[in-house]
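Residue numbering restarts at 1 for every chain, and letters A, B, ... go by the order of the sequence lines.
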Amino acid sequence: MHNVLDKFVNGEGIHTNALYAFNNMLEIILKDEQPTHALVAFDAGKTTFRTEMFREYKGTRAKTPPELMEQLPLIQDMLNYRGIKTYELPNYEADDIIGTMSHKAEADGMDVTIITGDRDLTQLTTDKVTVKVNVKGVTETESYTPEHVKEKLGITPNQIIDMKGLMGDTSDHYPGVEKVGEKTAIKLINEYGSMEDIYDHVDEMKKSKLKEHLIADKDQAYLSKKLATINLDAPVTLNLGELEYRGDNQEELMQFYQKMNFNSFLDKMDVPHASTAEELAEIKVEELDNTAVEKIVNSTKVHTLVVEGFGDNYHTAPIVGILISDGDQYFGTTDFSILENTDLKNWLADKTKEKYLFDNKRTIALLHRYGCEIAGISFDMLLVSYLLDTNDNKQDIGLVAKNYNINLPSEEEFYGKGVKKAVPEDETMLLKYLAQQAQVIDLLKDKMMTELKDNDQDSLYDEIELPLSIVLAEMEIKGITVEVSKLKEMENTFATRLAEIEKKIYQEAGKEFNINSPKQLGVILFEDLKLPVIKKTKTGYSTSVDVLEKLQDKSPVVKMVLEYRQISKIQSTYVVGLQKFVQPDNKIHTIYLQTLTQTGRLSSIEPNLQNIPIRIDEGKQIRKAFVPQHDDWEIFSADYSQVELRVLAHISGDEHMQEAFKENYDIHAHTAMRIFGLDSTDEVTPNMRRQAKATNFGIVYGISDYGLSQNIGITRKQAAAFIESYFEQYPGVKQYMDDIVKYARENGYVETIMHRRRYLPDIHASNFNVRNFAQRTAMNTPIQGSAADIIKVAMINMQKMLKKENLQANLLLQVHDEMIFEAPKSEIETLEKLVPSVMDSAVKLDVPLKVETAHGKTWYEAK
DNA sequence: ATGTTCACG
DNA sequence: ACGTACGTGAACATT
């Protein structure tokens, strides 16, 4: 299901890129316009009444490429399934059909919007007819109303044909009057009116070259005007009623999308149609009581387990139901006293009793709160669906099921949303839903596991993600201790400081306003104080740091605002924000999202413990509130030094970069030496090193000269020179960048060292920006993703090692390239050796991995 | 609900 | 010529 989208060739080898792009555009149009009637007109062929009039008409047009030709009938089919009328008329162009029908519609009192890539159609603009011309991409259009035409050209829409007649058209290949272009044509029209008016008065003009050309080319001009004129009365046999738009023909459209492998469009379709989506068989749910437990624990069959929590944070949310199925029978209950049954407890914790489920980590955490452990999980449908396609990162079994064309309600569909969200009163309804979940897990297990194997991702799943889900559950459950009193103390200090700055800002600005509102701040800075506008956002002036930093010498307010912003961020997000998450056990239990990021990294929510301040000291103080759970313990942290560059050195095979790491050089100084053409790192100045470091980062992100220039404040030319020099010095890196983009184009995805996959359909986009973005992603994802693979392996090995060595130390946090532990002081010495050895042996690369450690009484001191 | 800003790797 | 760094989450203002 996931493996064909790659090349924009469907299973039968038909190109589908134009079809895909067309449908994308159509989606946007339908959404924006909400039409009651719709029509898409096509050219019928090359010969029309215009070619009869003028043989050369459109004579120089390049031939339509064959891939596009083969897609035209598909586009017509698709439009048909989407409930949109298509039409072509021999001897006429699509323009004439559009003109004729829009004329008819207008006469009928309708408002008409014409969407086209061709500016010629703007002549059709009237008070009721708007012509939208695509300017770039698919989303941006220029809307032509009579006012806009006037503003842009200085003439009325129906004078456009006079203009075109006079100036001719090079792309349609018809001549006008010699030496007359847009400017002259408009001037003449404004002076005389129509072409006929011009020629009525041509004799009165004073002698000039222009007059001579007008007279000489009169016939041509009239012919060109005729060619340019869109026929409003073509023999179109359509009536308006036939154009009525009633929406998609769901069933046919779905089959069509399936045939074309348009999975993303399939995903977007409302609800799979009943007759094509697989309906789940009716299930009888029996009570999960002691008798049922006896049956389960004595069975040798694999069981599917559904433990349903209600609410998004499973560390606090209540369990609402439990269901266990062997595929034939479904046992469910909402009475949790069953979890006190020792046989059930033992069975759950027995790793020899194989189980399937959806979301292992959540299940472990939920059951933990009821004193149960679980083991023996072989299939976690959530993890597998994410590995198969990182875009399927919905944490919801109903949504995953829909990808596989199974009609299982999503959480939102079942429980409702917003204020209406509630557990159904009817217990059997709930249990039936849980049984359906079990059924779906059972139904899809083989299929999904086969896909995983086909993608060569089985060991990524068996050896990394599945064991990691257990490690993460343990980390979340353990939680990190926070001294709320410390946060309270900071809260007071910062509050005073904020009040002071606030007062000073109001004084300086001469009035009170909300400093946190970019809108109000913009007015103060750029209107009241008249500071120069450096950057604009969609909604107004940008007031972001880089803008304010450029303005800070111009007014004392700017500096104060910068300070205010910094402190208020720390105050609201961290000092105040974190306190809300401290549980009665004095700990914060974050939730790691294991199936969200496109690269394979983790993310952390409620709260996010992966972005606790460190770069500026006021913020870094927050870390003083993070402490070990016991007095004579310490926080111990270990981080990989430059993993991403080491990964790049490994996957690119670049000799110079590999050498730098093998010899344990200062990599940024080494890069500086190379790109600045120095003989030794001794000649590298701190500024050179800084620039080289930024260049190294840029390389990892999929470099662009502009991005680099912005980052280190140099010109784009200089940045381009850096990059060129970089690629000369590290040719292997250059080769990797070229190869990986090519790989993405050919396969539709890129991979990490452990075969984690990211699909990049945009690599084929016609839009420059979209395509470039996909290319940078292709370069970055294997690097960032492989680094994520590595630390995941290290975490699993680390947890094993702690148990094996009988250490009390706990792994608490992961922040992308570092692990944070708490441990008795007595174990620190052991950890200083053990942790780096486990981390640097997590995978074998062509370059060594380097690990740095630190420890102290708080997280602040462990750095 | 969306946009802006800013915290981290 | 195009208009940019890669990956996240949360607070706040505004719609």
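Proximity note for V545(A) (side chain, C-beta onward) versus dT4(B), dG7(C), dC6(B): the nearest is dC6(B). Checking dC8(B), dG7(C), dA10(C) against every side-chain atom of Q784(A), the shortest atom distance belongs to dG7(C). Checked against dT4(B), dG7(C), dC6(B), the side chain of R565(A) finds its nearest nucleotide in dC6(B). Candidate nucleotides dA13(C), dG3(B), dA5(C) were compared by shortest atom distance to the side chain of S517(A), and dA13(C) ranks first. In this structure, the nucleotide among dA5(C), dA11(C), dA7(B) sitting nearest to the side chain of Q566(A) is dA7(B). The side chain of T539(A) has dG3(B) as its nearest neighbour among dA10(C), dT5(B), dG3(B). Of the candidate nucleotides dG3(B), dG9(B), dA7(B), dG3(B) has the atom lying nearest to any side-chain atom of K538(A). Of the candidate nucleotides dT8(C), dA5(C), dT5(B), dT8(C) has the atom lying nearest to any side-chain atom of S603(A). When each of dT8(C), dT5(B), dT14(C) is scored by its nearest atom to the side-chain atoms of T597(A), the top-ranked nucleotide is dT8(C). Of the candidate nucleotides dG9(B), dA5(C), dA13(C), dA5(C) has the atom lying nearest to any side-chain atom of L708(A).
Backbone-only contact: D817(A) has heavy atoms under 4.0 Å from sugar-phosphate atoms and none from a base. Residue contacts for I614(A): at a heavy-atom cut-off of 4.0 Å it reaches the sugar-phosphate backbone alone, with no base atom in range. Residue-level contact check: Q520(A) touches the backbone only, with heavy atoms under 4.0 Å from sugar-phosphate atoms and none from bases. Using a 4.0 Å heavy-atom cutoff across all strands shown, L596(A) reaches sugar-phosphate atoms only and no base atom. N608(A) comes within contact range of the sugar-phosphate backbone alone, with a heavy-atom separation under 4.0 Å but no base atom that close. Here S542(A) lies in heavy-atom contact (under 4.0 Å) with sugar-phosphate atoms only. Note on G698(A): a base of the nucleic acid sits closer than 4.0 angstrom, heavy atoms only. Residue contacts for Q598(A): at a heavy-atom cut-off of 4.0 Å it reaches the sugar-phosphate backbone alone, with no base atom in range. Residue V700(A) is classed as having no contact, given no heavy-atom separation below 4.0 Å to the nucleic acid. Across all strands, I783(A) comes closer than 4.0 Å to no nucleic acid atom at all (heavy-atom distances).
Between the CG atom of L525(A) and the C1' atom of dT4(B) there is a distance of 15 Å, given to the nearest Å. Rounded to whole Å, the distance from CD on E618(A) to P on dA7(B) is 11 Å. The distance from atom CD of Q610(A) to atom P of dC6(C) is 19 Å, rounded to the nearest whole Å. Protein atom NZ of K693(A) is 16 Å distant from nucleotide atom C1' of dA5(C), rounded to whole Å. L609(A) places its CG atom 11 Å from the C1' atom of dC8(B), with the value rounded to the nearest Å. Between E606(A) atom CD and dG9(C) atom P there is a gap of 11 Å when expressed in whole angstrom units. If you measure from atom CG of L578(A) to atom C1' of dC8(B), you get 13 Å, rounded to the nearest angstrom. Between the C1' atom of dG7(C) and the CG atom of N391(A) lies a distance of 14 Å, rounded to the nearest Å.
In this structure, K569(A) does not pair ionically with E618(A), as no charged nitrogen and carboxylate oxygen lie closer than 4.0 Å. Using a 4.0 Å cut-off between charged nitrogen and carboxylate oxygen, E818(A) and K863(A) count as a salt-bridge pair. Salt-bridge formation is not detected for the pair E549(A)/R565(A): no Lys NZ or Arg NE/NH1/NH2 atom is positioned less than 4.0 Å from an Asp or Glu carboxylate oxygen.
With a 6.0 Å radius and a threshold of 12 heavy atoms from other residues, nucleotides or ligands, Q552(A) has its CD atom above the threshold. No more than 12 heavy-atom neighbours from other residues, nucleotides or ligands sit within 6.0 angstrom of NZ on K554(A). Enclosure of atom OH in Y736(A) by more than 12 non-hydrogen atoms of other residues, nucleotides or ligands within 6.0 angstrom is indicated.
Counting atom types as modelled, S704(A) pairs a side-chain N or O with a base atom of dT4(C) as donor and acceptor under 3.5 Å.
Checking the phosphate oxygens (OP1, OP2) of dA13(C), a side-chain nitrogen or oxygen of N514(A) falls inside 4.0 Å. Proximity of R615(A) to the phosphate of dC6(B): no side-chain N or O atom is located under 4.0 Å from OP1 or OP2. Here T537(A) reaches the OP1 or OP2 of dT4(B): one of its side-chain N or O atoms lies under 4.0 Å away. For S604(A) and dT8(C), the shortest distance from a side-chain N or O to OP1 or OP2 is not below 4.0 Å.
With a 4.5 Å cut-off on side-chain heavy atoms, E563(A) and K504(A) do not count as touching. Counting heavy atoms from C-beta outward, T537(A) and T539(A) have side chains that approach closer than 4.5 Å. Residues L383(A) and Q594(A) form a side-chain contact, since some pair of their non-hydrogen atoms from C-beta on lies under 4.5 Å apart.
When every heavy atom of G732(A) is checked against every heavy atom of S652(A), the shortest pair comes out as O-CB, 3.7 Å. Scanning all heavy atoms of the two residues, the minimum distance from P782(A) to T777(A) falls at CD-O, 4.3 Å. Counting all heavy atoms, side chain and backbone alike, Q457(A) lies closest to H755(A) at NE2-O, 3.0 Å.
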Treat a base pair as Watson-Crick or G-U wobble with both distances under 3.5 Å, then lay out DNA chain C in dot-bracket form, 5' to 3', with | for cross-strand pairs. .....|||||||||.
Would you give me the side-chain donor-acceptor pairs under 3.5 Å for residues 604-614 of chain A, sequence neighbours excluded?
residue : atom : partner : partner atom : Å
S604(A) : OG   : T590(A) : OG1          : 2.9
S604(A) : OG   : P607(A) : O            : 3.3
S604(A) : OG   : L609(A) : N            : 2.8
E606(A) : OE1  : N313(A) : ND2          : 3.4
N608(A) : OD1  : Q610(A) : N            : 2.7
N608(A) : ND2  : N611(A) : OD1          : 3.4
Q610(A) : OE1  : S604(A) : N            : 3.4
Q610(A) : NE2  : Q814(A) : O            : 2.9
Q610(A) : NE2  : Q814(A) : OE1          : 3.0
N611(A) : ND2  : Y574(A) : OH           : 3.4

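Residues from residues 771-781 of chain A that place a heavy atom under 4.0 Å from any atom of DNA chain C, listed by number: N772(A), F773(A), R776(A), T777(A), N780(A). Residues from residues 492-500 of chain A placing a heavy atom under 4.0 Å of any atom in DNA chain C do not occur.
Two residues, K580(A) and Y706(A), neighbour DNA chain C, and the one matched to the more 5' nucleotide by heavy-atom proximity is Y706(A).
In this structure E728(A) satisfies the side chain to side chain donor-acceptor pair (under 3.5 Å) test with no other residue, sequence neighbours excluded. Residues satisfying the side chain to side chain donor-acceptor pair (under 3.5 Å) test with E861(A), not counting sequence neighbours, are T858(A).
dT4(C) and dT4(B): their P atoms are spaced 12 Å apart (whole Å). dG3(C) and dC8(B) have their P atoms separated by 31 Å, with the value rounded to a whole Å.
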